[in-house]
Amino acid sequence: MARTPATGPTLDSVAALAGVSKATVSKVLNRRAGTAHATRLRVEEAVRQLAYVPSTHASSPRVHGVTVVFDTLISLYSLCVMEGMVAAAQHEKVDLVVRVLTPGKAATDHAQLDRTFVNEVAEKGNAGIIAVTTAIEPDVVEACRDAGLHLVAVDPPNPLDPSVASIGSNHWTGGMQATEYLIKLGHRRIAFVGGDPVNPGLRARFGGYREALLAAGIPDEPRLVSQAGMMTAEAEIARLLAAPEPPTAVFATNDADALAAIRGLRTAGLRVPEDVSVVGYDDTYSALPASPALTTVHTPMHSIGRTAMQTLLQLHAGSQPISHHVELATTLVVRESTAAPPP
């Protein structure tokens, strides 16, 4: 049995006997919510068997680290979000452990966000997991609850359990901002590309797009809508331009698809914005010397990352967030890729 000369059984002893992490033991000892009933009973029984007496520091367990999971880092959005997390972690003096599920096309050591992954994080004594644009299945939520780990999602691509805290931008408002601006310029045939009805964020951007059209009295035109998913814009532009009445403007659900749409328009011999205007989403390429400079909806990616880290640390401290679903404000950034439609 692990003991110290002065205190007898240690937190490690209790954790080992109960088969849980030290973070879970601390949570049970401090009567914080978020631990499964069966797990709590095991910890309490281990405390009784070992006659463990908590130290005066037990009420404020130190955060050893936070694990951040990305589906991929081949994304400027993910890198900008991570920068915000790093800033928050450094401020709080917390170690950040980054795990990438698909680390490059040639990599063979792919990971999976499942119960085994969760247990490995718990064994390291980390405070919790932040999953960035990564699908979180119900069994992962249950595994985190059983292990006493906190879980925060950033822009999840699938519907979440309501108990999971999530951070993102106001996708609906962003979709409205982009579409309303194009309508204000005089456009009436506005295409929507890069959508995906399964992805909650992209579905909300489409909702904002449709709401703006409806408010302006512009009839819904399904032939101007593409929801084939991200990175499909260039091929979809060719289809849209073949319509009897092609669009005079394109709203893409992300900047990469907006740039791909511009390529497709140029391939067809059209000019941007003289012939067709293009609006992107996220503002990930603002530092790149693109021509024309892209009009886009700015997502506060750095603030999203910082808020996600602060939310997890707040949960670890035993305090519940004001809301389990936080949406930060978006802003439209007007540059060179938009203009009034041609006469």
Side-chain angles (χ1 to χ4, degrees), residues 66-89 96-114 117 120-121 129-137 140 152-158 160 166-169 171 174 193-196 198-203 205 226-237 252-264 278-291 293-294 296-309 328 330 333 337:
V66 172
T67 295
V68 182
V69 181
F70 293 89
D71 55 343
T72 178
L73 281 179
I74 308 176
S75 160
L76 286 177
Y77 178 89
S78 295
L79 293 175
C80 291
V81 169
M82 184 168 69
E83 186 179 45
M85 292 183 187
V86 170
L96 204 63
V97 180
V98 177
R99 294 288 301 273
V100 182
L101 300 183
T102 53
K105 295 180 180 179
T108 57
D109 54 342
H110 295 273
Q112 186 173 354
L113 184 57
D114 54 14
F117 183 97
E120 289 175 356
V121 173
I129 297 173
I130 301 176
V132 182
T133 62
T134 300
I136 302 174
E137 302 301 333
V140 172
V152 175
V154 172
D155 272 334
N158 63 321
L160 279 184
S166 64
I167 316 294
S169 65
H171 303 282
V193 299
D196 184 347
V198 177
N199 185 301
L202 301 184
R203 188 169 65 243
R205 294 175 196 183
S226 169
Q227 298 202 70
M230 293 189 289
M231 309 308 294
T232 63
E234 189 167 3
E236 289 300 301
I237 284 296
T253 60
N254 60 88
D255 291 339
D257 272 310
L259 296 179
I262 291 175
R263 285 196 303 272
V278 177
V279 178
Y281 200 105
D282 281 333
D283 199 19
T284 46
Y285 297 90
S286 59
L288 298 182
S291 179
L294 185 64
T296 187
V297 177
H298 174 76
T299 298
M301 294 164 282
H302 189 278
S303 296
I304 288 174
R306 189 173 65 247
T307 303
M309 180 62 64
L328 303 185
T330 58
V333 182
S337 64

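We count residues from 1, following the sequence as given.
- Contact record, Arg306 with Ala88: CG-CB, 3.7 Å, taken as the closest heavy-atom pair.
- Residues Thr296 and Asp283 have side chains that never bring a donor and an acceptor to within less than 3.5 angstrom of each other.
- Contact detail for Cys80 and Met301: the closest heavy-atom pair is CB-CB, 3.7 Å.
- Arg99 is not listed as a side-chain neighbour of Val68, based on a closest heavy-atom distance of 4.5 Å or more.
- Panel note: side chain Ser337, backbone Val278; a donor-acceptor pair is recorded below 3.5 Å.
- A distance of 11.5 Å separates OG of Ser303 from CD1 of Ile167, quoted to the nearest 0.5 Å.
- Geometric assessment of Arg205 against the ring of Tyr281 yields a positive cation-pi assignment under the 6.0 Å and 45° thresholds.
- Using a 4.5 Å heavy-atom cutoff, the side chains of Met85 and Leu96 are in contact.
- Under the 4.5 Å side-chain criterion, counting only non-hydrogen atoms from C-beta, Ile237 is not in contact with Arg263.
- In summary, of the residues considered (Thr133, Asn254, Asp155), a side chain to side chain donor-acceptor pair (under 3.5 Å) with Tyr77 occurs for Asp155 alone.
- Counting all heavy atoms, side chain and backbone alike, Leu328 lies closest to Pro300 at CB-CG, 3.7 Å.
- With rounding to the nearest 0.5 angstrom, the CD atom of Gln227 is 10.5 Å from the CG atom of Asn199.
- One distance of note links CG of Asp114 with CD of Glu137; it measures 10.5 Å at 0.5 Å rounding.
- Judged by distance alone, the side chain of Thr72 and the main-chain N or O of Ile74 form a donor-acceptor pair under 3.5 Å.
- In this structure, Thr102 contributes its side chain and Asp71 its backbone to a donor-acceptor pair below 3.5 Å.
- Residues Val198 and Asn158 have side chains not in contact (no heavy-atom distance under 4.5 Å, counting atoms from C-beta outward).
- Of the possible donor and acceptor atoms, none in the side chain of Asp282 sits under 3.5 Å from a partner among the backbone N and O of Thr284.
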Do Met82 and Val98 pass the side chain to side chain contact (heavy atoms under 4.5 Å, CB included) test, and can you show the C-alpha distance, the side-chain angles, and the key distance before you say yes or no?
-> CA-CA 9 Å; Met82 184 168 69; Val98 177; 3.9 Å; yes

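- What you find for Pro156 and Pro200 is that their closest heavy atoms are O-CD, 3.7 Å.
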Side chain to side chain contact (heavy atoms under 4.5 Å, CB included) between Ile129 and Val69, worked out | CA-CA 7 Å; Ile129 297 173; Val69 181; 3.8 Å; yes

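- Using a distance-only test at 3.5 Å, with no hydrogens or angles considered, no donor-acceptor pair links the side chain of Thr134 to the main chain of Ala131.
- Annotation: side chain of Leu294 is in contact with side chain of Asp255 (closest heavy-atom distance under 4.5 Å).
- Taken from CG in Asp196 to CE in Met230, the straight-line distance is 7.5 Å, to the nearest 0.5 Å.
- Ser169 and Ile304 make their closest contact through N-CD1, 4.0 Å (heavy atoms, listed as atom of the first residue, atom of the second, distance).
- Across every non-hydrogen atom of Ser78 and Leu73, the tightest pair is CB-CD2, 4.2 Å.
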For Thr253 and His171, run side chain to side chain contact (heavy atoms under 4.5 Å, CB included): C-alpha distance rounded to whole Å, both residues' side-chain angles, the deciding distance at 0.1 Å, then the answer.
-> CA-CA 10 Å; Thr253 60; His171 303 282; over 6 Å; no

From CA spacing to verdict: side chain to side chain contact (heavy atoms under 4.5 Å, CB included), Val140, Phe117 | CA-CA 9 Å; Val140 172; Phe117 183 97; over 6 Å; no

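- Taking the side chain as every heavy atom from C-beta outward, Val193 and Thr232 never approach each other to under 4.5 Å.
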